[in-house]
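Sequence lines set the chain letters: A, B, ... in the order given, protein chains first and strands last, and positions in each chain run from 1. Remember, it's a predicted structure, so these values are computed and weren't measured experimentally.
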Amino acid sequence: MTLEQQLKQATVAIFKEQFGADITPDTVTINITKKEHEGDYTIVVFPLIKFSKQGPEQTAEALGNALKEKTGFIGSYNVIKGFLNLSLTDGYWLNRLQDISDNAQFGQLPLQTEKVVLEYCGPNTNKPLHIGHVRNMLLGFSMSEILKAAGYPVTKVNIYNDRGIAICQSMVAYRHFANGATPQSSGIKGDHFVGDWYVKFNQVAKEQMAELQNAPEDKDEAKKLTPIFKEAQETLLKWEAGDAETIALWEQMNAWVYEGFQQTFDMIGVDFQKDYYESQTYKMGKEIVDEGLQKGVFYQRKDGAIAVDLTADGLDEKVLLRPDGTSIYITQDLATAELRHEEFNMDKMIYVVANEQDYHFKVLKLALQKLGKEWAKGIYHLSYGLVESPTGRFKSREGKTADADDLIAEVLRIAEERTKELGKIEGFTEAQAQELYKTIGMGALKYLILRVNPYKKMIFNPEESIDFQGQTGPFIQYTHARIRAIMRKVGENTALTIPTGINLVDVERELLKQINEFENVVRSSAANYDPSEVANYVYTLAKTYNKFYHDVSVLNAENVKEKELRVALSNQTGLTIKKAMKLLGMDVPERM
RNA sequence: GGCCCGGUAGCUCAGCUGGAUAGAGCAAUAGCCUUCUAAGCUAUGGGUCAGGGGUUCGAAUCCCUUCCGGGUCACCA
């Protein structure tokens with residue numbers, strides 16, 4: 001039972017005994033005491049005075065006194081207006097440190113039975129990854145780590161949008177202009193290579209648009225009249241007909257893309273247990289739509305299209321299948337969801353997809369529920385905001401500023417530059433130095449993105465170089481390296497003992513309180529699908545440690561017991577930072 | 001236009017299931033390395049929590065409304 005629960009239950013009992021009032025635990029609000037007041041936890045008594053039938057101060061006084069008697073771990077309390085501030089005994093806190101230190105699994109919550117499938121990334125195969133994918137991947141990976149820490153078995157899956165008109169456009173441009181070039185022969189990473197042909201296609205289409213006679217005003221309409229666009233459409237038809245030559249080129253180009261993507265995945269440190277391909281699922285879905293038709297939850301329109309009426313749910317009527325029986329986006333997603341349920345029998349399915357698709361996922365979930373799929377209630381759309389530049393949305397035409405690989409290269413370059421400036425790599429081999437740049441650079445990038453609440457859009461300015469000071473990944477990593485330096489001096493194999501019967505100074509107690517919150521944070525960020533809670537927590541923990549580090553000496557503590565305590569606190573802080581950073585997909589260095 | 005989401009310090013963000021005097025970082029200014037790593041610590045300045053109304057003992061937080069920004073309303077994905 002958590003401390004909070006203990007305090008709530010004790011308060012409930014006290015209200016019964018002293019005031020004869022039946023209150024429920026959730027009428028008791030408990031906060032962490034604000035810094036400017038003395039105490040560890042605060043009970044807000046205003047909501048309780050109608051049960052005690054006394055003023056706020058008398059109620060708080062009576063409750064404080066009774067809690068102190070009853071629990072045995074409250075050392076003192078004070079009352080300010082309607083706030084009862086409780087200070088726990090040092091003995092209580094030392095016991096907590098002992099318990100946490102004894103538990104190598106601290107931060108790992110009890111196993112849950114609900115199985116989770118988590119889809120993230122979802123790239124198109126006609127162009128390289130950009131900053132939006134980076135946010136997606138960081139959120140997806142981090143969320144999977146957090147859910148695992150919260151006890152859920154998680155299966156990570158990816159979906160590749162590997163077919164359609166876009167990839168055909170790359171293929172057409174390649175066929176015309178590449179002269180058989182390959183990523184190898186041109187020295188260009190595979191996904192960029194294919195993306196370059198996509199760009200080429202659009203250039204040519206634009207030129208051809210200029211030559212059109214009586215071109216329509218609408219640019220999209222005009223584009224469709226260009227010879228090269230028509231060729232792309234023919235290519236798509238050939239692909240759908242299974243034309244061998246077309247399929248071969250398509251496979252070749254996608255293979256290049258996957259090779260390129262894999263390098264980026266490795267660099268970022270994300271992985272998937274299973275890959276899905278739109279080319280394999282796009283024809284599925286007719287069955288599931290028929291099922292809905294038979295059950296009478298979907299209906300056939302006069303033109304033959306099958307649709308679902310969601311007006312009762314505040315949405316619209318939505319087409320699910322074309323009149324010719326071919327799938328559209330939603331059809332595939334219905335089928336893929338069903339397929340995943342058959343494969344994994346999951347209780348929850350999380351989709352990490354940008355908030356542009358909020359409406360789509362509402363429809364998807366409702367349609368599946370109308371089909372009577374019980375498991376569909378476990379669908380959760382982890383909707384995240386777009387990454388924008390200070391002037392607005394990143395457009396692919398705005399150059400390469402939003403390209404994932406460029407972004408990574410840039411942050412690694414800064415990491416190297418900063419590290420060398422600070423002279424931090426004495427005694428490092430070249431390989432160790434490179435590893436450090438990667439750890440720090442990726443730490444900076446990942447933290448920058450993950451510290452923002454997912455559902456909010458975030459502003460990223462490519463003109464300003466990424467920070468390495470203040471609330472950043474490197475700050476937290478640095479704190480870890482400082483702790484590790486102390487632990488090396490203590491000696492790696494030295495058994496740590498946690499003293500009893502000593503008084504804690506404020507920084508020590510504050511640090512311990514922070515460490516003690518870790519599991520609450522894991523629980524909360526999992527429940528809210530929000531890695532930024534972990535990101536903000538670990539920053540606060542590191543900040544608190546740096547104050548501790550500055551204010552007191554660990555190795556030259558006043559006496560043996562103090563030293564034991566501070567070593568144990570340092571060690572546990574280091575472990576907790578490492579665990580929290582792992583939940584965010586970040587490494588933490590031994591030195592920096 | 002209908003629906004959805006956002007608006008907190010110059011900038012980037014916390015805080016939002018109502019609780020004390022709204023917090024961090026960056027940027028600015030001023031200090032701290034004969035002592036465990038200064039990617040650190042400390043201090044100062046900086047706010048009409050978009051505007052207005054309401055509910056409440058108490059509102060950045062909940063409700064209504066106006067303004068501003070974004071998304072979506074495809075037989076695209």
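As a whole-Å value, the separation of A/Leu569 CG from B/rC36 C1' is 15 Å. Atom CD in A/Glu463 sits about 18 Å away from atom C1' in B/rA27, given to the nearest Å. When the P atom of B/rC75 is taken as reference, atom CD of A/Gln300 falls 16 Å away, rounded to whole Å. In this structure, A/Lys543 atom NZ and B/rC13 atom P are separated by 19 Å, rounded to whole Å. The OH-P distance, from A/Tyr447 to B/rC26, rounds to 13 Å in whole Å. One interatomic measurement links the two molecules: CE of A/Met592 to P of B/rG40, which rounds to 9 Å at whole-angstrom precision. Between the CZ atom of A/Arg566 and the P atom of B/rU35 there is a distance of 19 Å, given to the nearest Å. A straight line from CD of A/Glu317 to P of B/rU72 spans 22 Å, rounded to a whole angstrom.
Among the atoms of the strands shown, only primed sugar atoms or phosphate atoms (P, OP1, OP2) are found under 4.0 Å from some heavy atom of A/Met458. A/Pro56 comes within 4.0 angstrom of nothing in the nucleic acid, heavy atoms only. Residue A/Ile459 is classed as a sugar-phosphate contact, given heavy-atom separations below 4.0 Å to backbone atoms only. Base contact: A/Ile440 has a heavy atom under 4.0 Å from a base atom. Counting any heavy atom pair closer than 4.0 Å across all strands shown, A/Gln357 reaches a base atom. Using a 4.0 Å heavy-atom cutoff across all strands shown, A/Leu422 reaches at least one base atom of the nucleic acid. Residue contacts shown for A/Asn85 include a base, since a base heavy atom lies under 4.0 Å away. Among the protein residues, A/Asp324 comes within range of no part of the nucleic acid, since none of its heavy atoms lies under 4.0 Å from any strand. Among the protein residues, A/Val567 comes within range of no part of the nucleic acid, since none of its heavy atoms lies under 4.0 Å from any strand. Using a 4.0 Å heavy-atom criterion, one finds that A/Lys424 contacts the bases of the nucleic acid, with or without backbone contacts as well. Residue A/Ala305 is classed as having no contact, given no heavy-atom separation below 4.0 Å to the nucleic acid. Contact annotation for A/Thr42: base contact, defined as any heavy-atom pair under 4.0 Å involving a base atom. Note on A/Arg484: nothing from the nucleic acid sits closer than 4.0 angstrom, heavy atoms only.
Put simply, the side chain of A/Gln477 gets close to the backbone of A/Asp587: a donor and an acceptor are under 3.5 Å apart. Put simply, the side chain of A/Tyr447 gets close to the backbone of A/Ala535: a donor and an acceptor are under 3.5 Å apart. Counting only distance, with no hydrogens or angles, the side chain of A/His480 and the backbone of A/Pro589 share a donor-acceptor pair below 3.5 Å.
Taking atom P on both B/rA74 and B/rG19, the two are 41 Å apart, rounded to the nearest angstrom. Between B/rU21 and B/rU65, the distance separating the two P atoms is 31 Å to the nearest Å. B/rC16 and B/rG23 have their P atoms separated by 14 Å, with the value rounded to a whole Å. The separation of B/rU12 from B/rA77, taken at their C1' atoms, amounts to 32 Å, rounded to a whole angstrom. Across the C1' atoms, B/rA24 and B/rC49 are found 16 Å apart, a figure rounded to whole Å. Spacing of C1' atoms, B/rU17 relative to B/rA59, comes out at 14 Å, to the nearest Å. Comparing B/rA22 with B/rU61, their P atoms are spaced 14 Å from each other, to the whole Å. The separation of B/rA43 from B/rC5, taken at their P atoms, amounts to 40 Å, rounded to a whole angstrom.
For the pair A/Lys127 and A/Asp191, the salt-bridge criterion is not met [side-chain N within less than 4.0 Å of a carboxylate O].
The residue among A/Asp303 and A/His550 whose nearest nucleotide of RNA chain B is located toward the 5' end is A/His550. When each of A/Arg591 and A/Val452 is assigned the nucleotide of RNA chain B bearing its nearest heavy atom, the one mapping closer to the 5' terminus is A/Val452.
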Check nucleotides 2-9 of chain B for protein N or O atoms closer than 3.5 Å to its own N or O atoms and list the pairs.
unit_1, atom_1, unit_2, atom_2, d
B/rG7, OP1, A/Lys456, NZ, 3.1

Dump the intermediate steps for side chain to side chain contact (heavy atoms under 4.5 Å, CB included) on A/Ile328 and A/Leu320, then the final yes or no.
CA-CA 7 Å; A/Ile328 55 176; A/Leu320 301 177; 5.8 Å; no
Worked check of ring pair (Phe, Tyr, Trp, His ring centres under 6.0 Å) between A/Tyr545 and A/Phe548
CA-CA 5 Å; A/Tyr545 185 84; A/Phe548 164 89; 5.2 Å; yes
Tell me, with the steps shown, if A/Trp239 and A/Thr235 meet side chain to side chain contact (heavy atoms under 4.5 Å, CB included).
CA-CA 6 Å; A/Trp239 183 89; A/Thr235 305; 5.6 Å; no
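Judged purely by distance below 3.5 Å, without hydrogens or angles, the side chains of A/Thr42 and A/Asn31 never pair a donor atom with an acceptor atom. A side-chain donor from one of A/Asn124 and A/Asn161 sits under 3.5 Å from a side-chain acceptor of the other. Between the side chains of A/Asn536 and A/Gln471, at least one donor N or O sits under 3.5 Å from an acceptor N or O.
Taking the 5.5 Å centre cut-off and the 30° plane limit, the aromatic side chain of A/Phe475 is not classed as stacked on B/rG40. Applying the 5.5 angstrom centroid cut-off and the 30 degree plane-angle cut-off, the aromatic ring of A/Tyr549 is not stacked upon the base of B/rG40. Both geometric conditions, a ring-centre gap below 5.5 Å and a plane tilt below 30°, are fulfilled for A/His37 over the base of B/rA20.
When the side-chain nitrogen and oxygen atoms of A/Arg482 are compared with OP1 and OP2 of B/rA38, one or more of them lie within a distance under 4.0 Å. Within the 4.0 Å cut-off from OP1 or OP2 of B/rG25, not a single side-chain nitrogen or oxygen of A/Arg451 is found. Neither OP1 nor OP2 of B/rU72 sits under 4.0 Å from any side-chain N or O of A/Tyr359.
Remark: the A/Asp467 side chain and the B/rA27 base include no donor-acceptor N/O pair separated by less than 3.5 Å. Between the side chain of A/Thr419 and the base of B/rA39, a donor-acceptor pair under 3.5 Å is found.
The side chain of A/Ala481 lies closest to B/rU37 when the candidates are B/rU37, B/rC75, B/rG19. Of the candidates B/rG71, B/rC36, B/rG19, B/rG71 carries the atom nearest the A/Glu356 side chain, counting heavy atoms from C-beta on. Distance from the side chain of A/Asn556 is smallest to B/rU35 among B/rA77, B/rU35, B/rU37.
Using Watson-Crick or G-U wobble geometry with both donor-acceptor distances under 3.5 Å, B/rC67 finds its partner in B/rG7. Nucleotide B/rU17 forms a pair with no other nucleotide shown, judged by Watson-Crick or G-U wobble geometry with both contacts under 3.5 Å. Nucleotide B/rG46: unpaired (no Watson-Crick or G-U wobble partner with both distances less than 3.5 Å). For B/rA60, there is no paired base (Watson-Crick or G-U wobble, both distances below 3.5 Å). Under the Watson-Crick and G-U wobble criteria, each requiring two contacts below 3.5 Å, nucleotide B/rG1 is paired to B/rC73.
Nearest heavy-atom pair across A/Leu366 and A/Leu310 is CB-CD2, 4.0 Å.
Note: A/Tyr160 and A/Phe261 have parallel aromatic rings, judged against thresholds of 30 and 60 degrees for the angle between ring planes.
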